Each structure stands twice: as structure tokens, then as C-alpha cells.
Amino acid sequence: MTISSAILREADHDRTVYLVSLLVLTAGMLRAWAHEEHRRLRFALALTALHLWLLPVVAVMRARGMENVADARLALMIITALAFIGIGGMLLFAALLPRIGLHTPRILRDVITAVAAIVAIFATASRAGFNLSSLIATSAVMTAVIGFSLADTLGNIMGGLALQMDSSIKVGDWIKSGDVNGRVSEIRWRYTAVETRNWETIIIPNSMLMKGQVTVVGRRQGKPEQWRRWVYFNVDFRHQPSDVIQAVEDALRAAPIERVATDPPPNCILMDLYESYGKYAVRYWLTDIPVDDPTDSVVRTRIYFALKRVGIPLSIPAHAIFMTEEDHEREEEKKREDFQRRLDVLRNVQIFEKLDEAELREIAPGLRYAPFTRSEVMTRQGAEAHWLYMMIDGEAAVRVSKDGVEKEVAKLHAHDFFGEMSLLTGAPRSATVVALGDVECYRLDRSVFKTFITARPELAQKFAEVLARRKVGLEAARGGLDAETQNRRVAAEEVHLLSKIRDFFGLSDDDHRTAAS
Ligand code: CMP
């Protein structure tokens, strides 16, 4: 018999054509449907290569009638069986089952493939006349060696299977175990891999996870994944805790904060009272667990701005000594600068353009400094809030909701103002205004304005004029009114708004007549 016919006979005997065809078919399917699994075919490819290498060796040995051909043939048969199992396993678990929506956990695939491989080795060996089981059973030393070496491995496999089956830990869970803190990236037959925030992958043997205590962060039966965080701050104890809590909770709940759950809402508590300050904590529920510090920082910034708006400073250590000498002159100078700043703001606001310098000076002391941080809602559509904001710095967006759809209609910057309608007529807010970054404003409250307008009722007419022009101007920008229609609308609005302003501030008809004259 020629060598080539011996090889062909051997190949026929060992189903080489089926093996190679199965490999090609599986590789094609994986490339098309599960590209990420394609790499895992390398082991089966190596076994097939080994098969193709052993095939001529066995054929030549058999043709020459060499005596240890039986051993070589057994090796070839075992390699062939393992290659079939490896490729078949990939075809079934990585290509076909996922196509019909069945995703087998990795560990189960590994264990099924390993068991099939062991059974195949034993079956092939016994068909060839080798009895491996009796060899193992009769050799006490070998049994002990295998037992010892497999003890840990078996513990890990059982641990891994148990973790998968009872779903106590799943891929994607954020866990804490000892010093390890991170997201489970895979559960294999021997270990569970955890990826940390520091871009490390920590390998934890499954048996350790089974024996030790593991915290699954953010998990609660029947609830969404979210994790409670604490953000601390201190406030001088001369400020009433109820005021601090109210200001902070209002600011945190007024507008959604990215990655902060609305249910349960963030809350603020007084933790303790110390010598000169109260220690407070904000508790909020984080919805994206890896992004903890940056979200704490956003919440802290909101707290800072909320307190600043209501004039409550964060505490300063009681033992701090301030060495700046605040003499009378310096104090006066600071006041003058502040007053000047307020006047400049008022001069640049269109709504006060008809007031003279003396009138502006009357209003200036009543302004209140009001800073906001990114995403805070400065004014909410539909709210009853009777004050006006004048922007000194930053950028804000005006958004109008109609039929449940919110649309941005304008952007506001330094020297812009908003909230004039509610301040002057008592109407609910017509739009929502949101800070796009840090925004600084002065706020003019109804009470301050009322004192002013009650003393100068004839100015109501001037405000009605400006308000009417602004209102029609905003409508024109949206609806494209021509000049003539605009003028007509301004005149009609003026009358309407004047009566509203008079009603809202309780001005009498005599005042109106004075104004009209
Ligand atoms: P007010 O209705 O009191 O509260 C919301 C404020 O948004 C409103 O007053 C105006 O000051 C302002 N506003 C409403 N629509 C626009 C717009 N299209 N452009 C600029 N500002 C607007």
C-alpha cells in the first residue's frame, strides 16, 4: 500500500473530512453572528491541526507495521474526539443557541464541554482496549493525587455553578468583597473577574466568594439599582437648622440631577451639633454606581449655591482669626462698590429704562444676590412666584412646554432679565428658565417693588408700556408679526397690563388717572 492511500484510509477512518468541514462551518457562523467569540475557536483549531499532523504519522506507522501504532492511534482518536467536542460546543453554545435567544452562562458551557471531553476520553480509551477507570481506581496513590489536586478546582467549579444558578451574583453587578470593590465582568468555572474603578481586573476564586461575605451594591428586592450616598457639610449654628434643611432640600428636588434618583428623593438631616457649627448630611440615591465621586461633587455644588442664595454661609472653624482690619472707610467703600454694581445692573435692564437715576437708587438697596449652578431651575413654568431676576453673569435657557413637549425658545445672558410678568401682574410663570452653567443674578421681590410703586403709582403706566412691548416682541419673534400688527397689539396690551398691574399692587383709579394724565 502506498503512503498516500494509507493516509487516505486513515483519514476516512477518523472522519477528517467531517472534522474540517465542521470547523469551517462553525468559523463562518461565528464570524457572521458572534464575532467576539471567534477568537475562542483557536483551541479547537489547534486540536484539528494536531489531528492533521498525527494522521500521516499513524498511517505511516501502520503501513510499516510498527509495534506501538496502537498508542499513537489512541492519541489520534482522543485528539479527534476532543476537536469534535470543542468545535461542536462552540457551534451549539456560541452560534446556534444565541440565535434562538438562549444564552448559556459561560461557566455552564465550560463545564458541559469539560464533562463531554472526559466522557469521550474514557469511551475512546475503552473502545481501544485501555481501561482508564480501573487504572485510576486500582491506583490508590493516583486517586489521592487526583483527589487532592482537584479539591480546590472542584470547589471553584461548584461555587461558580452555585453563583450562576441562584443568581446571587450576576455579570454586571457591582460588588464589594474584602478590599475588592468593582463590577463583575465574568464568572468562569474557576474564578469570578471583577473590574475596578482603577481599571484593574481582580480574579477572585469562586470558592472564596462562596465562603466569604459579599455585598452586592445598590441591589434591593423589586427596586431599581441605586445606592445611597452621604454628602456632609457644616453650617454655623447661629442659622436655624430648619432653614438650612429647607433651602438644601428645595434646591436638590427642584430639578432632576443626572444620576440622582427622584424616588426616594434626596433629603437633608442635621447629624450633630458641635462647638460652633451644625454638621449636616445630604443623603441621595445614586443610579449609576461607578460615577460616585463626580455625582457627590454635583450635589455638593448644589448645596453650596442653595445656601449662598439664602445668605447662609458654610461654617468657618471657630478658632479662625481674621487679620483684615475692616476700618470704617473700607466698610463704606465696599458698600459704595456694591451699590454701584446694583445701579449698573438696573440701568442695563430694559424694564427700568424709563426710570431716572433717583428712582433707580430707590430700588437698588432692595435687590438680593441670587446665584445658581448648572441645571438648576431658576423659574418653573406655571409656578406662582412674584419676583424678577436680572442676570449679571452666565447663560440660561428659556423653555416653554406645550402639550407635554418642552421647547427651548431663547437663551439669556448677562444684562438679560426674566420673571417680569409674574412680578408686575401676578401671572403664573409663562416659561421655565434653567441655568446652563454657573449663573449670577440679582433678584427683585414683589415686597420691595410694592413699596416703590405704592409711593410712585404714576410709574405703573411706564411699566405697562415696557411690558407690553416686551411681550409683543417675544410673540413677534415666535410668530413673525408685521410692524403694524405689532403696534396695534402693543397698544391693546398696554391697557390690559396696566389694569393688571394696578390690581396686583392695589393701586387706586386716582393713581391711574394721574398716570394717564
Ligand atoms: P414670567 O412669565 O414671569 O416667567 C418666565 C419668564 O421667562 C417670563 O416672565 C419672561 O421673562 C421669560 N420669557 C418667556 N418667554 C421668553 C422668550 N421667548 N424669550 C426670552 N424670555 C422669555
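All ligand and atom numbering here is 1-based and tracks the order in the structure. Note that the structure is a prediction, hence the values are computed from the model and not measured.
- Under 4.0 Å from ligand 1, the heavy atoms of Ala410 that appear belong solely to its side chain.
- Using a 4.0 Å cut-off to heavy atoms of Val398, the atoms of ligand 1 that qualify are 13 (N), 14 (C), 15 (N), 16 (C), 21 (N), 22 (C).
- Relative to the six-membered ring of Phe417, Arg470 meets both conditions, a distance below 6.0 Å and an angle of at most 45° to the axis.
- The contact set between ligand 1 and Ser422, taken as ligand atoms under 4.0 Å from a residue heavy atom, comprises 1 (P), 3 (O).
- Polar contact with ligand 1: present for Gly419 (N/O pair, distance under 3.5 Å).
- Heavy-atom proximity to Phe418, at under 4.0 Å, picks out these atoms of ligand 1: 11 (O), 12 (C).
- Using 4.0 Å as the threshold, Gln381 has no heavy atom nearer than that to any atom of ligand 1.
- For ligand 1, one of its N or O atoms has an N or O atom of Ser430 under 3.5 Å away.
- The contact set between ligand 1 and Ala431, taken as ligand atoms under 4.0 Å from a residue heavy atom, comprises 5 (C), 7 (O), 14 (C).
- For the pair Arg446 and Phe504, the cation sits on the ring face: its NZ or CZ lies under 6.0 Å from the ring centre, inside 45° of the axis.
- With atom 21 (N) of ligand 1 as the reference point, the heavy atom nearest to it among Glu420, His386, Arg470, Lys411 is part of Arg470.
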Quiz prompt | Verdict with supporting geometry, Asp416 and Lys411, salt bridge (Lys or Arg N to Asp or Glu O under 4.0 Å) | solution = CA-CA 9 Å; Asp416 284 331; Lys411 284 235 167 76; over 6 Å; no
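- Arg300 forms no cation-pi arrangement with Phe233, by the criterion of a distance under 6.0 Å to the ring centre and an angle within 45° of the ring axis.
- Ring centroid separation for the pair Phe418 and Tyr389 comes in under the 6.0 Å cut-off.
- Within 6.0 Å of CZ on Arg374 lie no more than 12 heavy atoms contributed by other residues, nucleotides or ligands.
- In the model, Asn181 has a side-chain atom that pairs as donor or acceptor with a side-chain atom of Trp174 under 3.5 Å.
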